[in-house]
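Heads up: the structure comes next, in structure tokens.
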Amino acid sequence: MPNPRELPIYELESAIVEAVRAQGRLIVQAPTGSGKSTQIPQMLLRHGFLDGGEVVVLQPRRLATRMLAKRVAEEMETPLGDIVGYQIRLESRLSKHTKIRFVTEGILLRQMSFDATLSGVNVIVFDEFHERHLYGDISLARALQIQQSTRPDLKIIVMSATLDAGALKNYLSPCEVLVSQGRSFPVKIEYLQKTADFEREPVWDVAARECARVAAQSAGGDFLVFMPGAYEISRTVQALQGSRELRDFVVFPLHGELPPEAQDRAVARYDARKIIVSTNVAETSLTIDGVTVVIDCGLARVARFDPHRGINTLLIEKISVASADQRAGRAGRTAPGVCVRLWTEREHAQRPAQELPEVRRLDLAEVVLTLKASGIDDVAGFPWLEKPDAKGLERAEMLLEDLGAVARHEKDAHATITETGRRMLRFPVHPRYARMLLEADARGCVRPVAMMAALVQGRNFLLRGVPRAVEEAREDLLGEETESDFFLLMRAWRFADQNRYSMDACRRLGIHSMGARQVGPLFAEFLRIAEREGLDAGEKRVEGEAVSKCVLAGFSGQLAKRLDAGTLRCDLVHKRRGVLARESAMQRAPLFVAAEVSEVEGRGGEVNVLLSMATAVREPWLKELFPDAYFEATSVVYDESAKRVIAKRERRFRDLVLESRASADDVPYDAAAALLTQQVLAGKIKLEQWDENVEQWIVRVNRLAEWFPELEVNPITDADRATLIEQICYGELGAKDVRGKPVMPVLRDWLTAEQLAVIDDYLPERLVMGNGRRSRVRYAKEGPPILSARIQELYGVEGRFTLGHGRVSVKIEVLAPNQRPIQVTDDLTAFWRDMYPKIKAELSRRYPRHEWR
DNA sequence: GAGCACTGC
């Protein structure tokens, strides 16, 4: 470790001491590597600022909080948790001697809302303030208020790497600004000569081209490519791996939802040169050593809360100058570097200097409640560093009023906190979940609801977009769920917990084990608070219905009704629209509440309002929970004329359908299937494309024919069925699908046991149809023996392979010397196609009246 | 052949 006294920040020591003593407020502008975070607290201690009190150092991230405390304790040669300590959610190393306390931002805000004088705190240091997190902004404003009113002796230091110090200086005035240099290497910035058109040439191709160009010139070091999300990352990885100039590089994707092993792989050191393609995780949260080249696409997915619609959005936006500089800085940590920006210098000048701070873009409900609890009823008049959008404040107050956390009395200009609101604030969660917990007390289900709140606090630990095999394992181990996605998550967590969060077990179900690990302690914390607040948190038998009603109480503003059974489109209350999430288990619930509503920009710029974490709701509950709001809540759902047509059609069949085991949702499908099948049988449509739904058609058509004779649907006889099957088989062999790709034959369910026996050697095992939630075909994990033998023969290893629509691909868990996984997709597809003549010959023998082409 | 950035009490 270099001598800390040589860090650049020491040049400012006397100035810092003087400014803190004279004004009690100070801004230190210093980049990473200046030593500010570790040294300034020690300076304060040495110069007597911490006599009879402590310094609290605010950090935006838990990991940094822990690491900084550890380093300062080491430098001071004291055990961690004695003079120097830290405190993050559910974890602290403190003692009564602690003088330097590193904390995450939420800790201080909560401390302030329960102890308005901050007794025992002499100095507050706001580190990394330029990140402008919501809690940081609020805490600073509150600290200033406290300093002005009851604690004139309180010292405030704001530190940041880059900052528009002008506005902040005014805000803190009178206040001095001290500037220090950092220790990093120069980074040469390059811009594109002319504007890139990502519509014409996708961003991943441009990035790959620039990588290849720079690789030809640069001597050594790793590359870091910034992309806005997982999809763009995977396309970039493909493009890079296909580039001849980059064949000596190993390429790794990196983003937050990757399993931990994959993240470790990306950050590890290799003999070969490396390209990491990453999201914003690599901008602030993760440091990666050895990077000398940064390729920055200049885009990021940015979370906002739209106060007009009351929904979250996640759209791709251009990053600010400050953010681009931060990304560029990643190339100069260990040696001089290069940063290529995929935009022009001219465009750069038009970019905003900073990202919009979180107060201007996030849901304010929780902080508004915090302010009201501190007696600040006029939240618009609060001394914000940056005043939030008026609509945002209004939306927050409206929600709090809906939840009963604040109330407006006629004589008051502003809503004030209620007793319910105060009780809600005891729980460190979004007010919606706090409200759910209080509702749970009334309904005798505090434990499961506390669990549900714990399940959704961290990042989603049930990974999305997992392989088919993982999906199957989930279905097998977690079972069917029709009441709530929360229950499925609960079972997933229980599975992880019972398996002690083992990596293997978690990987099998696509569970992020670190994420799942957080749930238990949070659950325990919520239960502790519940008990302290006098809620009945005992174990007891609980009806699912009671729990669902609690969700409805917390999320009544996110009530949704399916528009039809054929699509996932929904109406939301307050005249909004959305689409039920594909991964939701509530695919059959006509009415539900979504605990998450988020507008997301996906590939190709397509934007969808996605409704996830759904809980099925029954209409009578609305009347029960919201006797007054009932008509408001449901009229939107029913009043549009388009829906009347659907409702009418549904009513016509409902009585009959309800007698059977099927639901009214099936009727449109049945009708469509009947139509299609009749057309096929009449020879009007040629069934060229194998369709996994055909067997279901038959069931549906016959059910429809039986139930609704007035429709005059012809039932499908066994002879018809045989014809269909033959048509399908015929169509499959050598047929092409709509994209012109060959379609693989998957025949098992269509043929007799005898026929199957003949071709079994050539065909993969086909399993049952989907379970209705997803009517997709499931394939066996293992393919036909003949294919496994071929893999052995070709590669001398045991291969695992996946069978898809039109191609056979093999993934072999062996890395080539250049760390690239071996890809053998095409070879095997070709090999597979060679099997066709044999299959055809056999079929011709069995079905001589057909000509098998 | 799709639909998802990062944190924090």
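In what follows, every chain begins at residue 1, and chains take the letters A, B, ... in the order their sequences are listed. Computed from a prediction, not measured in an experiment: that's the story for all the values here.
Within 4.0 Å (heavy atoms only), A:E358 reaches no atom of the nucleic acid at all. Across all strands shown, A:R62 has heavy atoms under 4.0 Å from sugar-phosphate atoms exclusively, and none from any base. Note on A:R61: only backbone sugar-phosphate atoms sit closer than 4.0 angstrom, heavy atoms only; bases stay farther off. Within 4.0 Å of A:I138, counting heavy atoms only, lies no atom of the nucleic acid at all.
Legend: residues meeting side chain to side chain donor-acceptor pair (under 3.5 Å) with A:D137, ordered by chain and number and at least two apart, are A:R132. Not counting sequence neighbours, A:Q326 has no partner by the side chain to side chain donor-acceptor pair (under 3.5 Å) test. For A:E386, the side chain to side chain donor-acceptor pair (under 3.5 Å) test picks out A:R360, with sequence neighbours left out. A:T117 pairs by the side chain to side chain donor-acceptor pair (under 3.5 Å) definition with A:D115, not counting sequence neighbours.
A straight line from CG of A:L90 to P of B:dG8 spans 12 Å, rounded to a whole angstrom. Atom CZ of A:F226 is separated from atom P of B:dC6 by 12 Å (rounded to the nearest Å). Here B:dC4 presents its C1' atom at 10 Å from CZ of A:R459, a figure rounded to the nearest Å. A:E355 has its CD atom 16 Å from the P atom of B:dA5, to the nearest Å. Distance CG (A:L109) to C1' (B:dT7): 15 Å, rounded to an integer number of Å. Following rounding to the nearest Å, A:D115 (CG) and B:dC9 (C1') show an atom-to-atom distance of 16 Å. Taking atom OH on A:Y135 and atom C1' on B:dC9, their separation rounds to 5 Å, with Å as the unit. Straight-line distance from the CD atom of A:E283 to the P atom of B:dT7: 12 Å, rounded to whole Å.
Counting heavy-atom neighbours within 6.0 Å of A:R474 CZ, excluding the residue itself, gives a total above 12. More than 12 heavy atoms of other shown residues, nucleotides or ligands fall within 6.0 angstrom of atom CZ in A:R351.
Under 3.5 Å, the side chain of A:E583 and the base of B:dC4 form at least one donor-acceptor pair of N or O atoms.
In this structure, a donor-acceptor pair under 3.5 Å is present between the side chains of A:S320 and A:E355. Residues A:H255 and A:N280 bring no donor and acceptor atom of their side chains to less than 3.5 Å of each other.
Between A:T104 and B:dC9 there is a side-chain polar atom (N or O) within less than 4.0 angstrom of OP1 or OP2. The shortest distance between the side-chain N/O atoms of A:T279 and the OP1/OP2 oxygens of B:dC6 is below 4.0 Å.
For the pair A:R265 and A:F252, the cation-pi test (distance below 6.0 Å, angle within 45°) is failed.
Within residues 360-372 of chain A, the residues approaching DNA chain B are A:E366, by heavy-atom distance under 4.0 Å. Within residues 296-306 of chain A, the residues approached by DNA chain B to less than 4.0 Å at the level of any non-hydrogen atom are A:R301, A:A303, in residue-number order.
Among the nucleotides B:dC4, B:dC9, B:dT7, the one closest to the side chain of A:L314 is B:dC4.
Between A:A230 and A:I88, the residue anchored closer to the 5' end of DNA chain B is A:A230, taking for each the nucleotide with the nearest heavy atom.
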Stepwise, does the salt bridge (charged side-chain N to carboxylate O under 4.0 Å, His left out) test hold for A:E232 with A:R301? CA-CA 11 Å; A:E232 294 80 6; A:R301 282 196 170 78; 3.1 Å; yes
